Amino acid sequence: MSTQLTEESESETETERTETPGDRRRAEKKARQGRSSEVQEPTEADEETVHLKVFRYDPEVEGKMDPRFDDFYVPFEKGMTVLDALMYARDRFDTTLTFRHSCRQAICGSDALFINGTQRLGCKTQISDLDGPIRVEPLPHAEVVKDLVVDMEHFYDQMHSVEPYFQTNDEPSDELEEQRQTRENREKIKMSTRCIWCGACMSSCNIAAGDNQYLGPAALNKAFRFAMDKREGEDMKEHRFEILDQEHGVWRCQTQFSCTNVCPKDIPLTEHIQELKREAVKNNLKFW
Amino acid sequence: MYEHDVIVVGAGGAGLRAAIAAHEEGADVALVTKLHPVRSHTGAAEGGINAALREGDDWELHAYDTMKGSDYLGDAPAIETLCQDSPKETIQLEHWGMAFSREDDGRVSQRPFGGLSFARTTYAGAETGHHLLHTMYEQVVKRGIQVYDEWYVSQLAVTNEDDPEERDCHGVIGYDIQTGNVEGFVARDGVILTTGGLGQVFDHTTNAVANTGDGAAMAYRAGVPLEDMEFIQFHPTTLPSTGVLISEGVRGEGGILYNSEGERFMFEHGYANNEGELASRDVVARAELTEVNNGRGINDEYVHLDMRHLGEERIMDRLENILHLAEDFEGVNALEEPMPVKPGQHYAMGGIETDENGETCISGLYAAGECACVSVHGSNRLGGNALPELIVFGARAGRHAAGKDLGEAEISTGKTDDAEMGEVDTPVEPGAVASDDDSAVADGGATFADPTQTVEATLEAERNRVESLLEKDDGIQQAELRSKLQKSMTANVNVFRNEDGLKQALRDIREVREEYQDVYVNDPSRTFNTDLIHTIEMQNLIDLAEAITLGALARDEFRGAHWRQENQERRDDVWLKHTLLSWEDGTPQLWYKPTILEGENKTYEPKERSY
């Protein structure tokens with residue numbers, strides 16, 4: 001299993017040409033509407049069925065120790081997502097089919113999967129957006145625990161390593177007094193705060209795949225969220241750049257945009273990492 | 001065996017806040033959660049946190065709104081505590097860096113919400129819960145608090161004295177989802193249940209799949225009463241196909257509801273002549289369904305919520321998340337067309353009976369958040385009051401469990417002298433089912449007085465239960481039972497309720513309970529066996545569905561979210577009291593305790609509720 005390489009997107013100016021999240025969603029919606037109208041046409045009966053090819057593996061069950069793909073044929077309903085189809089397959093056909101999921105609305109981050117070769121959230125991926133048969137696999141570059149479940153420990157470790165919590169030395173003494181923040185500054189960090197820790201970006205990143213110590217896009221984005229928050233003082237910002245400005249930190253990013261492409265919350269991850277690189281340079285210059 | 005001072009079960013908003021508070025009091029705390037903390041359903045909360053922060057507002061106004069919203073079934077000491085503590089708890093989040101939306105002067109933004117006399121809902125876009133959850137998890141990481149993630153707590157280790165009020169909780173039994181190990185957790189000072197909602201009792205819900213009411217059901221079987229379970233909140237604006245929530249913030253910002261005739265029915269059909277769309281949630285949910293039932297719904301199913309007139313700039317600033325939800329889950333571009341919405345199960349107002357310090361009648365057992373009932377929401381929760389409940393009562397429970405003196409609670413727990421026994425005419429005998437295996441569905445508390453022994457004995461029983469579920473290789477599977485239960489609850493115990501329907505639901509629940517005797521787990525694996533977890537959860541759903549339905553059948557009046565076809569009056573003369581259900585000798589026992597309407601400076605006089 002390998003991730004897609006977007007070689008043409010090496011240059012920094014690429015950010016400006018990237019379409020906005022809204023554009024992307026609208027384009028997807030149009031494509032979806034186009035396809036769903038095709039489905040509604042009374043053609044062959046088997047068009048009403050979704051064909052899933054689902055990765056199966058269980059380290060302790062005889063027949064599943066050798067990884068394989070199972071085929072499931074699930075009745076299609078308009079609006080059905082990949083998660084809906086998986087749940088149907090599990091509840092009606094095979095209750096041993098195992099995957100993480102919870103909120104069904106793209107906020108808990110549990111069900112990032114490798115669907116038709118791309119990292120996506122199962123719950124927000126419409127079946128009608130995909131060409132069948134739909135291949136559902138666990139996130140690449142992570143250890144598979146069972147079926148579609150991967151070990152997230154490394155992801156969590158990287159997130160924790162950037163001190164992912166707000167730090168300031170001048171908190172208001174009054175428990176009812178706010179630390180004021182401008183609307184602009186809140187806007188600046190807004191996208192970075194949307195991360196749901198799904199791990200899609202890490203899984204899509206070639207660099208993270210080859211360098212286990214690389215902090216990776218999610219952790220760097222988390223660091224961006226605090227480094228750019230003006231309520232944290234300059235001293236803290238310096239401290240944050242000590243963490244980021246190291247061999248396996250921001251400089252490892254090769255601006256391939258794969259993280260940005262797969263992020264289900266439309267966070268401009270690559271852009272954030274680029275900005276951290278620029279800040280790291282500025283930060284270093286102060287010592288000269 | 002693991003051992004800590006305080007064990008918090010569940011790591012959503014209430015659990016994280018409780019853990020931080022207990023840690024600040026010097027306790028060795030552990031969070032045990034079946035998800036990872038950032039996956040908790042608090043993250044899906046959208047609207048905001050009610051807190052009296054501004055000039056012109058004060059906690060007493062907030063308390064008045066909350067009491068009125070509750071239809072006078074909240075307890076004044078709980079409501080006043082909520083409203084007094086919320087400002088400092090909300091600003092505490094701000095001090096922890098939470099990314100609140102901001103006003104021009106840099107202070108946190110507030111907006112209007114249904115049933116509030118002041119725009120006091122403090123928010124972070126339309127994703128307040130996400131920010132709250134992550135901010136508190138960050139603080140847990142900062143403090144190095146131990147988290148056992150993907151550990152499913154399936155049983156409480158409680159001593160087995162006859163009188164529940166003499167029982168002690170000494171810990172919990174957890175199942176390591178990744179490895180399949182069943183282990184004991186000894187809690188030296190206390191166990192805090194913060195397991196959240198029970199929406200999976202219904203099949204159209206805004207709740208996560210993980211919201212199976214585990215904590216409430218475990219506490220119930222261990223001897224803690226469940227309070228006011230009949231009061232289920234149906235949110236007026238959920239997406240028809242999935243139940244995904246469309247925040248009340250949309251109406252707060254000026255969103256309008258239309259029926260199929262294009263009428264603004266909240267006004268034109270007189271449901272709420274003053275507040276319109278911003279009437280309290282129960283009122284709006286009933287209005288929508290009445291429109292649908294009278295043939296003015298769209299596709300006989302839903303109504304339209306329109307926010308186009310708010311303009312793209314304001315929507316992007318305050319409701320951007322709603323655009324994504326409408327587009328991803330309903331295929332609607334809410335900038336260009338109205339969103340389809342209908343009521344869906346959203347919140348359990350009732351739950352584990354606790355006092356203002358989060359304590360239950362079992363010593364060492366606490367509860368906070370949606371799984372608990374203090375009670376601040378009474379028969380109808382105001383939008384924006386769930387998140388302050390998490391932080392206020394989560395913090396209090398954490399502090400109290402860690403040994404801080406919070407003063408004596410005014411709310412009493414357990415069967416006190418003012419308890420009034422109740423009876424209700426049921427079509428079937430609810431509760432336990434005769435079976436050779438008496439540990440199957442409704443098992444009571446466990447054994448011994450020595451803390452570790454109690455945990456060890458419970459651990460052994462739980463290991464046996466898990467073994468027998470895994471070993472059995474024939475029978476019925478939980479998915480079938482779950483679907484049957486959910487369908488009956490949605491058909492019969494929904495927004496509109498009547499006696500026949502409630503009785504039908506009890507018959508269906510009884511049937512599912514009997515079938516559950518024959519349940520088996522198909523997946524033999526010890527590794528990440530979700531089949532096993534769902535099967536254990538199913539037991540909890542059965543007990544909670546029964547409690548909801550019994551309470552609803554008993555309360556023959558119309559109050560807040562509880563509408564009864566045969567009883568269209570709020571009857572304060574008989575029903576100004578809380579419904580309680582205790583699990584005794586394998587069946588639910590019904591009793592009541594009076595509502596406390598006496599506050600710190602005033603007594604709340606029940607008035608007719610109009611918006």
Side-chain angles (χ1 to χ4, degrees), chain A residues 22 25-26 29 32-33 58-61 78-79 81 90-92 94-96 98-110 124 126 145-147 149 152 156 160 163-168 171-172 175-183 186 189-190 193-194 196-197 225-226 229 231-232, chain B residues 35-36 38-41 43-44 53 87-88 91-92 94-97 99-108 125 127 130-131 134-135 138-139 141-142 178 208-210 241-245 323-325 327-331 333 477-479 483 521-531:
Chain A
R25 271 192 305 279
R26 269 181 278 284
K29 181 194 161 196
R32 180 157 75 229
Q33 281 169 341
D58 188 323
E60 50 173 309
V61 173
K78 187 171 174 284
T81 63
R90 180 196 63 196
D91 291 349
R92 307 290 181 95
D94 181 357
T95 54
T96 72
T98 305
F99 46 93
R100 288 192 182 96
H101 66 299
S102 189
C103 76
R104 315 132 34 248
Q105 58 186 83
I107 197 71
C108 77
S110 301
K124 70 172 273 194
Q126 292 283 326
V145 175
K146 176 177 169 181
D147 291 350
V149 174
M152 294 290 286
Y156 296 143
H160 290 171
E163 300 187 6
Y165 36 81
F166 184 74
Q167 300 178 73
T168 176
E171 208 169 86
E175 63 179 12
L176 290 173
E177 194 192 327
E178 297 140 70
Q179 312 159 93
R180 306 221 177 179
Q181 182 183 32
T182 63
R183 292 170 80 113
R186 198 254 171 188
I189 63 166
K190 184 175 87 177
T193 62
R194 290 198 174 154
I196 56 173
W197 297 46
R225 177 253 172 279
F226 291 109
D229 191 326
R231 293 172 296 170
E232 279 196 352
Chain B
L35 306 171
H36 178 280
V38 301
R39 320 270 176 235
S40 305
H41 200 57
L53 299 174
K88 68 170 188 237
I91 299 304
Q92 174 67 77
E94 203 281 344
H95 288 184
W96 287 337
F100 283 106
S101 293
R102 299 283 166 171
E103 295 298 337
D104 288 338
D105 65 0
R107 301 185 69 183
V108 297
E127 48 201 8
H130 165 79
H131 292 290
H134 282 256
T135 301
E138 289 159 16
Q139 293 299 310
V141 173
K142 183 180 181 186
Q178 284 231 13
V209 179
S241 59
T242 50
V244 164
L245 175 69
L323 288 181
H324 303 324
L325 295 175
E327 203 150 333
D328 291 340
F329 298 103
E330 209 67 45
N333 179 356
Q477 292 188 355
Q478 67 80 27
S483 159
V521 176
N522 190 29
D523 191 345
S525 180
R526 286 262 162 199
T527 306
F528 224 96
N529 192 331
T530 51
D531 195 4

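Quick note on labels: first sequence line is chain A, next is B, and so on, each numbered from 1. Source: prediction; values computed, not measured.
The part of A:Asp58 that comes within reach of chain B is its side chain, from C-beta onward, which places non-hydrogen atoms under 4.5 angstrom from that chain. Interface remark: B:Thr135 contributes no atoms to any contact with chain A (heavy atom separation under 4.5 Å). For a residue to count as touching a neighbouring chain, one of its non-hydrogen atoms must lie under 4.5 Å from one of that chain's; by this rule A:Pro59 touches chain B with the side chain only. Proximity to chain B involves both the backbone and the side chain of A:Gln181, based on heavy atoms less than 4.5 angstrom apart. The part of A:Val149 that comes within reach of chain B is its side chain, from C-beta onward, which places non-hydrogen atoms under 4.5 angstrom from that chain. With a 4.5 angstrom heavy-atom cutoff, A:Arg194 touches chain B via backbone and side-chain atoms both.
The minimum heavy-atom distance linking B:Asp328 with A:Gln126 is given by the pair O-NE2, 3.0 Å. Minimum interatomic distance between B:Glu138 and A:Phe226 (heavy atoms only, all atoms of both residues): OE1-CZ, 3.3 Å. Across all non-hydrogen atoms, the minimal contact from B:Arg39 to A:Trp197 is NH2-O, 2.7 Å. Closest of all the heavy-atom pairs between A:Lys146 and B:Asp523 is NZ-OD2, 2.7 Å. When all heavy atoms of B:His41 and A:Cys103 are compared, the closest pair comes out as ND1-CB, 4.2 Å.
Judged as a salt bridge (Lys or Arg N to Asp or Glu O under 4.0 Å), and not counting sequence neighbours, the contacts of A:Arg231 are A:Asp229, B:Glu94.
Taking CG of B:Leu35 as the reference point, atom OG of A:Ser102 lies at 5.0 Å (rounded to 0.5 Å). The structure places CH2 of B:Trp96 at 12.0 Å from CD of A:Gln179, a figure rounded to the nearest 0.5 Å.
Comparing B:Gly243, B:Ala99, B:Ala210 by heavy-atom pairs within less than 4.5 Å of chain A, the highest count is held by B:Ala99. When the candidates B:Leu53, B:Leu245, B:Val38, B:Asn529 are compared by the number of heavy-atom contacts under 4.5 Å with chain A, B:Val38 comes out ahead. Highest contact tally toward chain A, considering only B:Gln92, B:Glu103, B:Gln478, is held by B:Glu103 [criterion: heavy-atom pairs under 4.5 Å].
When atom types are taken as modelled, the side chain of A:Glu60 and the backbone of B:Thr527 share a donor-acceptor pair closer than 3.5 angstrom. Side chain of A:Arg104 to backbone of B:Val244: no donor-acceptor contact under 3.5 angstrom is found. Checking side-chain atoms of B:His130 against main-chain N and O of A:Thr193 turns up a donor-acceptor pair under 3.5 Å. Distance alone, capped at 3.5 Å, is enough to place a donor-acceptor pair between the A:Arg183 side chain and the B:Arg102 backbone. Checked by atom type and distance alone, the side chain of B:His95 pairs as donor or acceptor with a backbone atom of A:Glu177 at under 3.5 Å.
With salt bridges taken as basic N to acidic carboxylate O contacts below 4.0 Å, one links A:Glu178 and B:Arg107.
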